[in-house]
Amino acid sequence: MKRTLLLSVVVIFAFSIYGQNRATVRESLKTLSVKAQRNAPLDGSELLIGNFDPVKSPNLLTEEEIGETFYDKQSNRAVANRFVRYPDGTMGATWTFSMESAGFSDRGAGYNYFDGNDWGDWPGQRVETEKSGWPSYAPLGENGEIVVSHNAVDALLINRRADKGNGSWTETTLQGPVGFAKVTWPRVITTGDDNNNIHILGMVRDYPVSGDMELAYYRSEDGGESWDIENEFIPGTSHDDYSDLGADSYTFAEPRNGVIAFFVANLWCDAFIMKSSDNGDSWEKIMVWEHPYPFYDDNTIFTDTLWAPDNSGHIALDSDGKAHVVFGLGFITHFEVGTTYTHYPGYQDGIVYWNEDMDPFEAPDQHDALDPYDVLVENVNLIGWSQDLDGDGELNFLDDIISYSEIGLSTMPILPLMTATGFLLCVASTTENYDNGTNNFKHIWARTSYGIGERMEWISRFNRWTNSYF
């Protein structure tokens, strides 16, 4: 069906506040198991189907509909950078777009621009000159913008223009290394006083030896006119370290004070940060959580349940350049050789928080290092969960709990705002009493902290968080 993309443009929170007592689903849903595919379809064709008639909250912020698409699959795991609010109050946004209900030959980046007063007309065609997808967006130059997509054939498509919101796009390509089929699922940020340093991550497909994928890094220091780093496999992220980091498993932080960083997390590899203070010349690897099955692949079998990042995650840098990450939780097993695995959608619930002042997550049995019920500490390193709206001590969901690729009950966390006095967390949580009689729905919730850095310890002791939803 046709979906309308909704974008909240007012970030003033007037929420109803609920208690923080944690609840779980009834026993029958705790043991509900679902078999799922591990790998993303190589053509990006996995879509949601059908009219689910979602329910909206009466507590919605002001919204603006900025475009539409028949193509619903916006990410396989973490969300790309797709929205920018500029210092002058203008805004740009992009998404994977198609106006065809099947085949999606017109797929590409949908784009809209807010000029300070109004959003533009909904786009009727993509930015790129050929079928593409998975756009990532950033400011460029003194007043311009850049959209980076993949063409699903062999290259990344780079579209630039000097004046945001106006004029024609200039398109160039970035090829993968010789011997690789393609490079896909990009992420882009820009740095420098004039935003002319471009940094891109992309997943190179069909690794010559293993047949899998490897993360590659690209850099331009002249606004995309040339590339002084191409197809670089950053030490610590390559096939020397992992079998496969996976599609969309990486996300860039907004650059702060000369520091750039990205976060990698999914069900099948370590959760870690890569950080650079010299514009990408060198990188430091910072471990957040070590996966108990190094070099996991489809031949790895484990029957003990494992708590792991649920395929969602986000990273932010504070004013000192310190990294803060959040991610959802999955509860999984892999009983047999093959591409499928088992997870428990009624039980896997929690948003994990970590920063560089904390030790990596460890436990005597690493399967349980991220256990949100018995190991993680509420309001310290466990900062989000599905809310018990009626206060009866149990989460009342319909029997059929459907998961996205990001499989947690609470998932897709982001840290969209970080200041010297605190930060904002937004989470999509399956929420009781939000359903259409057949399907449960997720609702967007937010929490704010009243401190950062050393003050976080004070907040944790005194439980100074607010739980809110809209």
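Throughout, residue positions are numbered sequentially from 1 according to the sequence presented. Because only heavy atoms are used, hydrogens play no part in the values below, and waters and symmetry mates are left out as well, while side chains stay in.
- The structure places CG of Asn166 at 6.5 Å from CZ of Arg161, a figure rounded to the nearest 0.5 Å.
- For the atom pair OG of Ser220 and CG of Asn196, the computed distance is 8.0 Å after rounding to the nearest 0.5 Å.
- Judged by distance alone, with hydrogens and angles left aside, the side-chain atoms of Gln348 form a donor-acceptor pair with the main-chain N or O of Phe331 at under 3.5 Å.
- Annotation: ring-ring contact (aromatic ring centres under 6.0 Å, His included) contacts of Phe272 (sequence neighbours excluded): Tyr242.
- For the pair Val183/Asn231, no side-chain contact is recorded, criterion being any heavy-atom separation below 4.5 Å from C-beta on.
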Full working for side chain to side chain contact (heavy atoms under 4.5 Å, CB included) between Trp354 and Ile273
CA-CA 11 Å; Trp354 187 89; Ile273 295 164; 3.7 Å; yes
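- Looking only at side-chain heavy atoms (C-beta outward), Gln74 and Trp95 come within less than 4.5 Å of each other.
- Distance alone, capped at 3.5 Å, is enough to place a donor-acceptor pair between the Asn266 side chain and the Leu245 backbone.
- Checked by atom type and distance alone, the side chain of His324 never pairs as donor or acceptor with a backbone atom of Phe423 at under 3.5 Å.
- Aromatic ring centres of Trp227 and Tyr218: separated by at least 6.0 Å.
- The side-chain hydrogen bond (donor to acceptor under 3.5 Å, both in side chains) check on Ser312 picks up Asp310, Thr411, with sequence neighbours excluded.
- Across Ser238 and Glu214, no two heavy atoms sit closer than the pair CB-OE2, 2.7 Å.
- When each of Ile189, Leu201, Thr251 is paired with Phe262, the side chain to side chain contact (heavy atoms under 4.5 Å, CB included) condition holds for Leu201 and for no other.
- Judged purely by atom type and a 3.5 angstrom limit, Asn311 uses its side chain to pair as donor or acceptor with the backbone of Ser405.
- Closest non-hydrogen pair, Pro345 versus Leu409, comes out as O-CG, 3.2 Å.
- Closest of all the heavy-atom pairs between Arg126 and Gly108 is CB-CA, 3.7 Å.
- A donor-acceptor pair is defined here as one N or O able to donate and one able to accept, closer than 3.5 Å; such a pair exists between the side chain of Gln366 and the backbone of Glu290.
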His199 vs Asn279, test: side-chain hydrogen bond (donor to acceptor under 3.5 Å, both in side chains). Steps then yes/no.
CA-CA 9 Å; His199 309 267; Asn279 203 41; 3.2 Å; yes
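- Residues Asn440 and Ile402 have side chains not in contact (no heavy-atom distance under 4.5 Å, counting atoms from C-beta outward).
- Enclosure of atom CG in Asp121 is not indicated, since only 12 or fewer non-hydrogen atoms of other residues, nucleotides or ligands lie within 6.0 angstrom.
- Remark: side-chain polar atoms of Thr190 are not paired, donor with acceptor, to backbone N or O of Asn197 under 3.5 angstrom.
- Every residue meeting the side chain to side chain contact (heavy atoms under 4.5 Å, CB included) condition with Tyr373, not counting sequence neighbours, appears here in chain and number order: Arg22, Thr24, Trp307, Tyr347, Asp349, Asp371.
- Atom CG of Leu424 sits about 8.0 Å away from atom CD1 of Ile414, to the nearest 0.5 Å.
- A 6.0 Å sphere centred on CD of Glu142 holds no more than 12 heavy atoms belonging to other residues, nucleotides or ligands.
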Decide side chain to side chain contact (heavy atoms under 4.5 Å, CB included) for Arg219 and Asp281; before the verdict, give the C-alpha distance in whole Å, the side-chain angles of both, and the deciding distance to 0.1 Å.
CA-CA 10 Å; Arg219 186 183 70 183; Asp281 285 334; 2.8 Å; yes
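- The two atoms that bring His443 and Thr431 nearest to each other are CB-OG1, 3.2 Å, heavy atoms only.
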Side chain to side chain contact (heavy atoms under 4.5 Å, CB included) evaluation trace for Leu425 with Leu415
CA-CA 5 Å; Leu425 166 75; Leu415 299 171; 4.0 Å; yes
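- For the ring-ring contact (aromatic ring centres under 6.0 Å, His included) test with Tyr217, the passing option among Tyr250, Phe233, Phe252, Trp283 is Trp283; the others fail.
- When the side chain to side chain contact (heavy atoms under 4.5 Å, CB included) test is applied to Thr172, the partners found at least two apart in sequence or on another chain are Ile158, Arg160.
- For the 3.5 Å distance criterion, the side chains of Asn159 and Glu171 qualify, holding a donor opposite an acceptor.
- Here Asp88 pairs with Tyr86, Thr90, Lys164 under the side chain to side chain contact (heavy atoms under 4.5 Å, CB included) rule; sequence neighbours left out.
- A side-chain donor-acceptor contact under 3.5 Å links Asp106 and Ser98.
- Using a 4.5 Å heavy-atom cutoff, the side chains of Pro186 and His150 are in contact.
- Note that OH of Tyr404 and CE of Met412 are 5.5 Å apart. Values are rounded to the nearest 0.5 Å.
- Checked for salt-bridge contact, Arg256 and Asp318 miss the test: no charged N lies under 4.0 Å from a carboxylate O.
- The side chain to side chain contact (heavy atoms under 4.5 Å, CB included) check on Tyr341 picks up Ala36, Arg38, Leu267, Trp268, Ile332, His334, His343, Ile407, with sequence neighbours excluded.
- The two residues Thr237 and Asp241 come nearest to each other via the heavy atoms N-OD2, 3.5 Å.
- The side-chain heavy atoms of Leu156 and Ile200, taken from C-beta on, include a pair separated by under 4.5 Å.
- Among the candidates Pro372, Ser410, Ser429, the single residue satisfying the side chain to side chain contact (heavy atoms under 4.5 Å, CB included) test with Ile351 is Ser410.
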Trace of the side chain to side chain contact (heavy atoms under 4.5 Å, CB included) decision for Phe361 with Val352
CA-CA 10 Å; Phe361 292 101; Val352 179; 3.4 Å; yes
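- A centroid separation of 6.0 Å or more is found between the aromatic rings of Phe97 and Trp122.
- Ser276 contributes atom OG, which lies 4.5 Å from atom CD1 of Ile260 (distance to the nearest 0.5 angstrom).
- Note: Ser75 OG to Asp248 CG = 3.5 Å, rounded to the nearest 0.5 Å.
- Put simply, the side chain of Asn143 never gets that close to the backbone of Asp163: no donor and acceptor are under 3.5 Å apart.
- The backbone N or O of Lys182 lies less than 3.5 Å from no partner atom in the side chain of Asp154, so there is not a single donor-acceptor pair.
- The existence of a salt bridge linking Glu356 and Lys275 is confirmed by a sub-4.0 Å separation between a basic side-chain nitrogen and an acidic carboxylate oxygen.
- Although no hydrogens or angles enter the test, the distance criterion places no donor-acceptor pair under 3.5 Å between the side chain of Thr430 and the main chain of Lys442.
- Within 6.0 Å of CD in Glu254 there are 12 or fewer heavy atoms belonging to other residues, nucleotides or ligands.
- Side-chain atoms of Asn112 do not come within 3.5 Å of backbone N or O of Ala93 as any donor-acceptor pair.
- Under the 30°/60° scheme for interplanar angles, the aromatic rings of Tyr111 and Trp169 are found to stand perpendicular.
- The nearest pair of heavy atoms linking Thr96 to Thr69 is O-OG1, 3.4 Å.
- Within the cation-pi definition used here (under 6.0 Å to the ring centroid, within 45° of the axis), Arg447 qualifies as a partner of Trp385.
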